Amino acid sequence: TIYVAYKELPEETGHIFLKHSYDGGKNFSIPTAVDDSDNHITRFPTVAIDPYGNPVVAYMQLDKGFTLPRYAVARSKDLGETFSRAVEVPDYSGGRVSDCCPATVVESGDANVIIYRGNQNSQRNIWAGVSSTSGIAFKRGIQLDKTNWTTKDCVPNAPDGVIISDTLYSVYMSGAGDSSLV
């Protein structure tokens, strides 16, 4: 099974779509719309697979004019044929989500985690929004990166992660100090 989530252009009005293949990529389905609103600008889709083989897609939403960036998560319960209404993930960074950095969604059992870069007064630490209810609500946030990297530049490097048993492992880039480190 292969799931591909992508953003349709133009960026201001295009939607997030998903295609799936059940034959190792020889054939793909027609596109399925993931986002359900013409009221937002969307970007940076990322996909995970739940324990039942269903896709979970996270993406950034912005208000018109590219303001108020935040992440949203939409789930499928029918192998990507349809998607639930998206659930917004609160920004736990104390500032706002970095509007130019992709995120990653990871899934394990009832745990759903969005790993993203915050932007609190140009401080670009990595945070996680955590759901223990299969993405119904993200009621907890965790600061993963405490390097306090401050930069006015756009940081396009996406964090990544995996959940093994009850532990979240993450990897990310930081430019704090004299050089960029992972």
Side-chain angles (χ1 to χ4, degrees), residues 1-6 16 18-25 32 34-35 43-61 69-98 101-120 123-149 155-177 180-182:
T1 300
I2 300 171
Y3 291 112
V4 177
Y6 61 95
I16 303 291
L18 181 118
K19 289 186 176 187
H20 60 267
S21 172
Y22 301 127
D23 59 8
T32 301
V34 175
D35 63 320
R43 58 180 8 176
F44 304 139
T46 177
V47 65
I49 301 173
D50 76 11
Y52 307 102
N54 294 305
V56 177
V57 178
Y59 55 92
M60 183 179 285
Q61 286 183 334
R70 67 235 178 238
Y71 275 96
V73 176
R75 302 182 67 81
S76 175
K77 294 196 180 286
D78 57 10
L79 302 175
E81 295 297 325
T82 61
F83 282 86
S84 66
R85 185 165 189 79
V87 173
E88 284 192 17
V89 179
D91 174 23
Y92 291 99
S93 73
R96 62 184 175 102
V97 170
S98 178
C101 181
T104 296
V105 62
V106 294
E107 167 89 23
S108 179
D110 291 336
N112 224 190
V113 179
I114 306 298
I115 307 170
Y116 63 94
R117 190 175 297 279
N119 182 2
Q120 182 179 17
Q123 192 175 81
R124 307 295 178 142
N125 290 339
I126 301 295
W127 289 79
V130 180
S131 171
S132 58
T133 58
S134 298
I136 294 170
F138 290 79
K139 300 220 178 217
R140 186 168 167 222
I142 304 168
Q143 184 176 2
L144 302 178
D145 168 14
K146 297 181 181 179
T147 60
N148 298 327
W149 180 24
V155 182
N157 308 80
D160 207 348
V162 63
I163 300 170
I164 300 174
S165 187
D166 64 351
T167 303
L168 171 66
Y169 297 89
S170 63
V171 62
Y172 51 87
M173 189 278 284
S174 175
S180 296
L181 301 172
V182 174

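On a predicted model such as this, the values are computed, not experimentally measured, just so you know. Counting begins at 1 with the first residue of the sequence.
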[X] [atom1] to [Y] [atom2] distance, which is reported to the nearest 0.5 Å:
X: N157; Y: Y172; atom1: CG; atom2: OH; result: 13.0 Å
X: N112; Y: I163; atom1: CG; atom2: CD1; result: 7.5 Å
X: N125; Y: S174; atom1: CG; atom2: OG; result: 7.0 Å
X: R75; Y: E107; atom1: CZ; atom2: CD; result: 4.5 Å
X: Y116; Y: Y92; atom1: OH; atom2: OH; result: 7.5 Å
X: E88; Y: I114; atom1: CD; atom2: CD1; result: 12.5 Å

Can you see which heavy atom on [X] is nearest to which on [Y], and at what distance?
X: I2; Y: G25; answer: CD1-N, 3.5 Å
X: C101; Y: M60; answer: O-CE, 4.1 Å
X: N119; Y: S93; answer: N-OG, 4.2 Å
X: P102; Y: P156; answer: CD-O, 3.5 Å
X: Y59; Y: A74; answer: CE2-CB, 4.5 Å
X: W127; Y: G118; answer: CD1-N, 4.3 Å

Within the side chain of [X], is there an N or O that forms a donor-acceptor pair under 3.5 Å with the backbone of [Y]?
X: T1; Y: Y22; result: no
X: D91; Y: V97; result: yes
X: S131; Y: A137; result: yes
X: R117; Y: R124; result: yes

Item to complete: Apply side-chain contact (heavy atoms from CB on, under 4.5 Å) to L79 and H20, showing your working.
Response: CA-CA 8 Å; L79 302 175; H20 60 267; over 6 Å; no
Item to complete: From the options V47, V113, V57, V56, select the one residue that forms a side-chain contact (heavy atoms from CB on, under 4.5 Å) with V105.
Response: V56
Worksheet item: Hey, are the side chains of R96 and P69 touching, using non-hydrogen atoms and a 4.5 Å cut-off?
Response: yes
Fill in: side-chain contact (heavy atoms from CB on, under 4.5 Å) assessment of L144 paired with L168
CA-CA 10 Å; L144 302 178; L168 171 66; 4.3 Å; yes
Item to complete: Output, in order, the C-alpha distance, side-chain angles, deciding distance and verdict of side-chain contact (heavy atoms from CB on, under 4.5 Å) for V155 and M173.
Response: CA-CA 9 Å; V155 182; M173 189 278 284; 4.2 Å; yes
